[in-house]
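Take a look at the structure below.
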Amino acid sequence: MSTPSPDASRKGVSKRMSHVFFRDVRKEHPVIVGGEGVYLFDDQGRRYLDGCSGALVANIGHGVEPVARAIYEQARKVAFTHLSRFSSLPIQRLAELIATISPPGLNRVYFVSGGSEATETALKLSRQYFLERDKNSQKHLVISRWHCFHGNTLGALSMTGLVPRRKRYTPYLLNFPKINPPYCYRCPHGRTPPDCRVPCAYELEVMLKQVGPEYVAAFIAEPVVGAAAGALVPPPEYLPTVRQICDRYDILLIADEVMCGFGRTGRHFAVDHWGVVPDVITAAKGMAAGYAPLGAAIVHEKIWEVFRQGSGRFEHGHTYGGNPLACAAGAAVLEYYLEHDLVSHCRQLGELLLAELAPLKDNPVVGDVRGLGLMLGVELVQDRATRTPLPASRGMAEVATQFILKQGVVVYPGNGMVDGVAGDQFLIGPPLVINEAEVRQLAQGVIAGLDELARELA
Ligand code: PLP
């Protein structure tokens, strides 16, 4: 925000868009007219370091020429065909690339246009999968977790455990059971990793016994929790234990990697950190890195085989699922990501970013800094010793991000993860192409912004 854009011609090219219905109807939004690497430029000549890739989306950075070219070339050939009639070269290419980097067996890709469509797909897929196996199956419930996010459409929101997003719409929601997430900073079982023996994972087994496994089709979890709780990383035994429980009770394991997938945590998929193979991975965001609306349910071969040998048809689909233009963007993004080995780069720069943020341990409003790769969360507190959250009414996550924005750095706020009401955190998740100097600039912006916040609150 502080340094002027190098390109003066960008200045003043657009007016404020007064007819747009923004989520936050009172807020004035800067008009972004360009982007390059980790930076965004507005029409007033201000430069922003995009410290959260929008919403952990722009993984390969802004303004990548080969991706723009691939989109242009595909649009000239054919922009749209419907998946019920035709395949296309971009969709074949993208599915092949995704199968190459996915855990073993996950090699059937069902394309959609975003994260909520991906998790809705997984929800319906798990129901139909059990019906394909047994037409009288009663399995339909999806167990999920509090303080986790799976999307804003009604099926996805029913699985979502982020209370502020659910509250107004509760009358519309399906009654899906919820367990606690692995929130080690505030362990609901009062334990401390690494010797905690993951009672949070065994909550799944307890819930299955309570509701009856014959009614449960799947368990959905973000392997690293993103926007809803600020980069919660589970203890090492958590996901392997969950996998065993799912197998024991014959339910599908859906890993929601809409945010943490495609290299964000320093592996292609976050489940790879623990060698866990889910039945379905839901993906979006980093998959096309913002160059097109794109998502997918990446499905295990054995599930696809049940459909093939059963009715032969998945009774679901969206008009834009698998459209050639979005898939051409996705394939070009994935080729760029592999060519530049952004997974290893993310691992290295993630460690540097965490180290650079170390001074936050002296800031009285910072309770916890956590995460994996370039997916970090900062939890704010009123009292570090007691871990008391800030009063919810003060909306301090948003205030903190405004202080950080004054330093020219954009981060992504969230709230409500302590008890559904209180709890302030923000995510740091820059494009994976960030370099060392930019990491230092990002960390300094966060530290300076939070220093100012602490002075204000003192
Ligand atoms: N799942 C997770 C883990 C997410 O983080 C999100 C979005 O933030 C979604 C699902 C929903 O994705 P979308 O906003 O593309 O519908």
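Predicted model, so just to flag it, every value in this text is computed and none were measured.
For Thr153 and Glu117, the side-chain atoms include no donor-acceptor pair closer than 3.5 Å. Counting only N and O atoms by type, the side chains of Asp42 and Tyr48 include a donor and acceptor under 3.5 Å apart. Between the side chains of His300 and Asp279, not a single donor N or O lies within less than 3.5 Å of an accepting N or O. For the residue pair His273 / Thr265, a side-chain donor-acceptor distance below 3.5 Å is found, with atom types taken as modelled. If you check the side chains of Asp50 and Ser53, you find no donor sitting under 3.5 Å from an acceptor. A side-chain donor from one of Glu132 and Gln128 sits under 3.5 Å from a side-chain acceptor of the other. Using a 3.5 Å distance cut-off with no hydrogens or angles, the side chains of His316 and Thr121 do pair a donor with an acceptor.
Among all heavy-atom pairs drawn from Gly37 and Pro431, the shortest one is O-CG, 4.3 Å. Of all heavy-atom pairs spanning Cys52 and Leu427, the tightest one is CB-O, 4.1 Å.
Although no hydrogens or angles enter the test, the distance criterion places a donor-acceptor pair under 3.5 Å between the side chain of Glu203 and the main chain of Asn180. Remark: side-chain polar atoms of Tyr291 are paired, donor with acceptor, to backbone N or O of Gly63 under 3.5 angstrom. The closest donor-acceptor contact from the side chain of Gln425 to the backbone of Val378 lies at 3.5 Å or more, if one exists at all. At least one donor-acceptor pair closer than 3.5 Å links the side chain of Arg166 to the backbone N or O of Thr160. Without hydrogens or angle criteria, Arg267 side chain to Val343 main chain gives no donor-acceptor distance under 3.5 Å.
Within the cation-pi definition used here (under 6.0 Å to the ring centroid, within 45° of the axis), Arg313 does not qualify as a partner of Phe307.
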>> Between His345 and Tyr337, does the side-chain hydrogen bond (donor to acceptor under 3.5 Å, both in side chains) criterion hold? Intermediate values first, please.
In response: CA-CA 10 Å; His345 185 74; Tyr337 158 93; over 6 Å; no
>> What verdict does the side chain to side chain contact (heavy atoms under 4.5 Å, CB included) test give for Thr81 and Asn323, after you've listed the backbone C-alpha separation in whole Å, the side-chain angles of each residue and the deciding distance to 0.1 Å?
In response: CA-CA 6 Å; Thr81 55; Asn323 84 81; over 6 Å; no
> Given Asp256 and Thr282, is the side-chain hydrogen bond (donor to acceptor under 3.5 Å, both in side chains) satisfied, shown in steps?
Replying inline: CA-CA 5 Å; Asp256 184 357; Thr282 50; 3.0 Å; yes
> Could you go step by step and tell me if Val446 and Phe426 meet the side chain to side chain contact (heavy atoms under 4.5 Å, CB included) rule?
Replying inline: CA-CA 10 Å; Val446 171; Phe426 60 86; 4.0 Å; yes
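Taking the six-membered ring where tryptophan is involved, the planes of Phe22 and His29 are essentially parallel, since the angle between them stays under 30° and well short of 60°.
A salt bridge does not link Glu257 to Arg264: none of the charged nitrogens lies less than 4.0 Å from a carboxylate oxygen. The pair Arg108-Glu301 meets the salt-bridge criterion, with a side-chain N (NZ, NE, NH1 or NH2) lying under 4.0 Å from an Asp/Glu carboxylate O. A salt bridge is absent between Lys124 and Glu315; no separation between the charged side-chain nitrogens and carboxylate oxygens falls under 4.0 Å. Under a 4.0 Å N-O distance rule, the pair Glu305/Arg308 qualifies as a salt bridge. Salt-bridge formation is not detected for the pair Arg145/Glu222: no Lys NZ or Arg NE/NH1/NH2 atom is positioned less than 4.0 Å from an Asp or Glu carboxylate oxygen.
Ring pair Phe111/Tyr320: centre-to-centre distance not below 6.0 Å. The aromatic ring centroids of His340 and Tyr336 lie less than 6.0 Å from each other.
Checking each of Leu204, Ile245, Val242 against Leu253 for a side chain to side chain contact (heavy atoms under 4.5 Å, CB included) leaves exactly one that passes, namely Val242.
When the shell of 6.0 Å around CG of Leu173 is examined, it contains more than 12 heavy atoms from other residues, nucleotides or ligands. Within a 6.0 Å sphere centred on NZ of Lys302, other residues, nucleotides and ligands contribute more than 12 heavy atoms. Heavy-atom contacts from other residues, nucleotides or ligands closer than 6.0 Å to CG of Asn175 number 12 or fewer. Heavy-atom neighbours of Phe80 CZ from other residues, nucleotides or ligands within 6.0 Å: above the threshold of 12.
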